[in-house]
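Both counts, for ligands and for their atoms, begin at 1 and track the order of listing.
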Amino acid sequence: MIIAIDGPSGAGKSTVAKAVAKKLGFSCLDTGAMYRSVALLALGQGVALDDDAALGELARTCTIAFEHAEGDPIPKEVILNGENVTADIRTAEIDKAVSPVSAAPSVRTAMVEQQRAVGATGDYVIEGRDIGTTVFPDAELKVFLTASDEERAHRRVRQNVDRGVGSIEYEEVLDDLKRRDAVDSTRTTSPLRAADDAVVIDSTDHYIEEVIDEICLLAHERGASSLRSCDAQDA
Ligand code: DC
């Protein structure tokens, strides 16, 4: 079973996707981390961010893997060509570079192919922008998770403080979220939008645990048989 969780930056997709996967006993795939990894390679190798052919070559030839910490079923480490880049892909520099990189059609073709191959191996919660519309249009459950711009910026600042990477200036983070939303929503290939059959959840005024429980219930209704109960305290 595939659960697609799409939505703009900072809507809480990562937290929700990981918690839902844990409760249902599913694996979890963060497709944003894949685009960030290609952006990191492009910056490192001096590839122009509007050079579709060169970016596509990077995307096709790199190896992106996710590693689990001991005893934790949810992958948290991102390994790019054998190197741990978990923190390197969360900097403000990558926040800026990832929009043009993820708008490159040949990068998207390569990433979508890899994402489909991963999703074909089992039950997955997959988070991104185009999972329900393009990558897995037949996903059993599609969620479009959103929140107000201001709430998303506050959450992103808190996340950056916790992680110790990325900007912690509210105005800078808010501006960057709006800029990325605009690029992600207007690009020609797979723009950010809710699939027609997606369940739209606005998390602005809800505790994240409520959102997690709602998605777990929807998953159960659509046939997910979980090993764990859908109890918010498990998150
Ligand atoms: O979810 P995130 O903020 O880590 O994503 C980083 C960027 O990658 C974001 O600007 C949009 C892009 N992205 C995308 O275009 N398609 C996806 N499936 C996932 C992310």
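- Residues meeting the side-chain contact (heavy atoms from CB on, under 4.5 Å) test with A97, sequence neighbours left out: A39, L43, L49.
- Heavy atoms of M34 come nearer than 4.0 angstrom to ligand 1 in no pair at all.
- Contact annotation: R187 has at least one heavy atom less than 4.0 Å from an atom of ligand 1.
- Heavy atoms of R36 found under 4.0 angstrom from ligand 1 belong exclusively to the side chain.
- Distances below 4.0 Å separate heavy atoms of Y35 from the following atoms of ligand 1: 8 (O), 13 (N), 14 (C), 16 (N), 17 (C), 18 (N), 19 (C), 20 (C).
- If you number the atoms of ligand 1 from 1 as listed, the ones under 4.0 Å from a heavy atom of D184 come out as 9 (C), 10 (O), 11 (C).
- Of the N or O atoms in D30, none lie within a sub-3.5 Å distance of an N or O in ligand 1.
- At the top of the distance list for atom 9 (C) of ligand 1, counting protein heavy atoms only, stands R129 NH2, 3.3 Å.
- Residue V183 shares its hydrophobic cluster (ILVMFWY side chains chained together at separations under 4.5 Å) with no other residue.
- Ligand 1 has no atom lying under 4.0 Å from any heavy atom of R179.
- Only the side chain of R180 comes within 4.0 Å of ligand 1, counting heavy atoms alone; its backbone N, CA, C and O stay farther away.
- Annotation for ligand 1: atoms under 4.0 Å from non-hydrogen atoms of S102 are 12 (C), 15 (O).
- With salt bridges taken as basic N to acidic carboxylate O contacts below 4.0 Å, none links R156 and D176.
- Atoms of ligand 1 lying under 4.0 Å from any heavy atom of R90, numbered from 1 in the order shown and given with element: 4 (O).
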